[in-house]
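In what follows, every chain begins at residue 1, and chains take the letters A, B, ... in the order their sequences are listed.
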Amino acid sequence: MKYPFEIFKEEVIMQLEKAIKNLYNLEIEVKVEKPKEIADLAFPCFQLSKILKKDAREISKEISKRIKGEWIKETKAMGGYINFYINVDKLAKELITKIEKMGDNFGKLDKKNLKVIVEHTSANPNGPLHVGRARNPIIGDTIARLLKFGGYDVITQYYVDDMGKQVATLFWGVKNLKEKGKIMEEKTRKKPDHTYVVYYQIASKLMEEDERVKEEIEEIMRKCEKGDRKILDEMKKIYKNVLEGIVESLRMLNIEIDEFIEESQFVLDGSVEKVIKELERLPHVKKEGKAVYIDLEPFGIHGRDKKFYLTRSDGTSLYAIRDIAYHIWKGERADFLINVLGEDHKLEAKLVEIALKLLNKKTPEVIFYAFVSLPEGRMSTRKGRVVYLDDLIEEAIERAKKEVEKRSNGEKDVEYIARSVAIGAIRYNIIKVKPEKAIIFKWEEALNFEGESAPFIQYAHARCCSILRKAGIKIEEINDIKYNHESEINLIKMLSLFPEIIKESIKTRNPSMLAEYSYSLASCFNAFYRDCRVIGSDKEKERLLLVNATRQVLKNCLNLLGIEALEEM
RNA sequence: GGGCGUGUGGCCUAGCCUGGAUAGGGCGCUGGCCUUCUAAGCCAGCGGUCGCGGGUUCGAAUCCCGCCACGCCCA
């Protein structure tokens with residue numbers, strides 16, 4: 001299926017290719033661009049100018065005379081550029097009809113029949129999620145929503161590290177501090193992840209100070225690695241509570257994860273052992289006693305150490321080999337894999353990739369994000385230097401509530417609106433910045449409700465709804481829709497770009513592009529709102545159609561961003 | 001020492017893959033706009049050597065090389 005702007009673009013390219021062929025007998029790959037305000041599409045003639053040894057201005061004039069098509073309203077030669085202008089009447093009619101007909105599906109791309117597993121969050125269940133890693137679920141969830149919209153079959157997975165140091169430390173803490181009554185539980189909060197993290201923090205501290213504690217925790221880990229079901233089950237009883245808390249936080253952010261995959265699964269079902277055996281047979285894989293490692297020298301990795309250990313000298317598995325087993329398992333269940341990981345996992349991911357390639361298995365595409373740190377440095381659960389996601393959410397709701405109450409007429413659902421605004425603001429502020437850029441957390445920025453923010457977009461959507469509500473009439477089909485005002489035309493053109501943005505942000509795996517578009521669309525609508533009276537004007541009916549189309553596209557944007565499209569604010 | 005990433009007005013950020021017209025936005029600041037569809041809005045203004053140096057090109061924020069700073073990592 002094709003959307004109007006796409007058809008226009010294809011027509012332009014076809015016409016250009018034809019004209020160039022006829023005029024100069026040249027076959028080149030034509031690339032058009034989307035200039036800001038000058039035109040709807042443009043073609044620079046400088047390359048041709050060089051080939052033909054002819055003034056670009058002259059070329060643009062010659063070519064532009066030969067261009068015609070049903071979507072192209074006008075072609076202008078300007079300097080060395082050919083500018084194309086879309087037939088707005090045609091666009092308005094076809095676009096608005098399409099939006100009306102497709103509704104929530106407008107912008108969707110054709111079914112691909114490809115299955116993708118998006119792994120995200122995968123935080124150690126030793127305490128609540130903190131803001132430092134909050135980018136992970138938000139990026140992951142938005143990518144998953146985008147891919148679904150783009151016609152892929154998507155499954156999201158959370159890989160639970162249930163046998164690592166963090167969970168072992170938590171487990172030791174609960175066993176020795178809680179059950180032996182060494183510390184009293186302070187129930188400052190209802191969520192279990194917050195009550196449990198205290199044991200983790202104290203146990204970590206004890207482990208640093210006391211060699212015996214360290215030894216006991218290591219013993220727990222060794223048992224896990226050997227696949228001791230009893231201790232794994234015991235540990236699960238504890239970390240499961242923390243995980244529930246994490247899931248609850250995610251749910252607050254409108255994030256649901258389809259599957260939780262436990263790391264221990266791959267030890268218990270023997271797949272880790274199998275992978276080790278397979279790897280041992282390969283070149284570059286060597287042994288040092290019982291410890292198996294990959295020699296990284298041939299792969300261009302020149303750190304201080306060039307050995308990538310997969311097992312310990314006692315033959316037990318290391319984290320990496322379990323990760324490899326997990327990826328093999330995942331790869332068999334999907335056509336491609338996407339992982340969202342913190343930038344601290346760059347090397348680990350590289351090594352897993354090397355191993356998977358050696359085994360001739362699917363490698364994941366990884367989206368790395370840089371950390372959100374505090375002005376005083378990196379966040380750390382262990383050190384207690386953190387801002388928890390739940391605190392951010394709570395504070396955001398608190399502030400949003402004040403804003404809603406200011407505007408309340410007594411009939412609004414203050415709780416619901418405040419919650420949606422708060423969650424929207426948090427999600428938007430994270431997604432609008434591209435993942436690889438480091439962020440320093442500042443409350444006033446994270447809780448911004450003005451300008452380039454979710455509430456701005458939600459507000460535009462609410463305005464659309466309000467107009468439609470007040471108009472109170474059914475929107476009828478109008479045969480010859482005609483828009484003349486500049487703000488109307490700009491809005492239509494902006495609406496027509498939505499499917500293009502979907503395509504591009506999926507292709508580049510960059511949801512910040514969608515965030516930016518949503519803002520531009522809202523902004524464009526605000527200009528229309530300023531300039532064009534809807535209710536009571538002699539163009540009321542066709543303007544209502546435009547408002548409704550805008551409402552729909554804004555809603556689709558917000559859905560993709562995991563933000564509530566509020567009908568009133 | 002090595003690898004990956006980032007560097008755009010006081011602060012934050014888009015654009016970089018795929019080079020193209022005066023480098024888009026937002027926050028903050030200054031001034032203005034609520035007797036008509038929600039002012040979480042709108043308008044105007046101030047503010048930029050696109051980290052630095054070189055190269056490629058008709059043309060570089062964008063590509064290449066070198067350097068600097070910051071972030072993450074070297075199990």
ask   = For U57(B), which nucleotide in any strand shown is its Watson-Crick or wobble partner with both distances under 3.5 Å?
value =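 Across any shown strand, U57(B) pairs with none.
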
task = Please give the nucleotide sitting opposite A21(B) as a Watson-Crick or G-U wobble pair, both distances under 3.5 Å, or none.
result =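 The base-pairing partner of A21(B), which may sit in any strand shown, does not exist here.
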
query = Are Glu415(A) and Lys401(A) ion-paired here, with the side-chain N under 4.0 Å from a carboxylate O?
reply =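 Between Lys401(A) and Glu415(A) there is a salt bridge, with a charged N closer than 4.0 Å to a carboxylate O.
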
inquiry  = Treating Arg322(A) as the side-chain partner and Val267(A) as the backbone partner, does any N or O pair qualify as donor plus acceptor under 3.5 Å?
reply    =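 Here the side-chain-to-backbone pair does not exist.
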
query = How is Ala42(A) classified with respect to the nucleic acid when contacts are heavy atoms under 4.0 Å: base, sugar-phosphate, or nothing?
reply = base

message = Taking any heavy-atom pair under 4.0 Å as a contact, classify Lys34(A): base, sugar-phosphate, or nothing.
response =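 Lys34(A): no heavy atom of the nucleic acid under 4.0 Å.
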
task = Choose from G15(B), A21(B), C43(B) the nucleotide whose nearest atom is closest to any side-chain atom of Met78(A).
result = A21(B)

key: Short side-chain N/O contact from Asn448(A) to OP1 or OP2 of C27(B), under 4.0 Å   =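 Negative; the distance criterion is not met.
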
ask   = Considering all heavy atoms of both residues, which atom of Glu568(A) and which atom of Asp413(A) are nearest to each other, and what is their separation?
value =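 Scanning both residues completely, I find the closest heavy atoms to be OE2-N, 4.4 Å.
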
Does the [N] base have a donor-acceptor partner in the side chain of [X] within less than 3.5 Å?
X         : N      : value
Glu504(A) : C17(B) : yes
Lys346(A) : C4(B)  : yes
Lys507(A) : U18(B) : yes

query = Taking the same atom, P, in C67(B) and in A60(B), what whole-Å distance lies between them?
reply = 24 Å

query = Under the criteria of a ring-centre distance below 5.5 Å and an interplanar angle below 30°, is Tyr81(A) stacked with the base of A21(B)?
reply =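 Stacked: ring centres under 5.5 Å, planes under 30°.
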
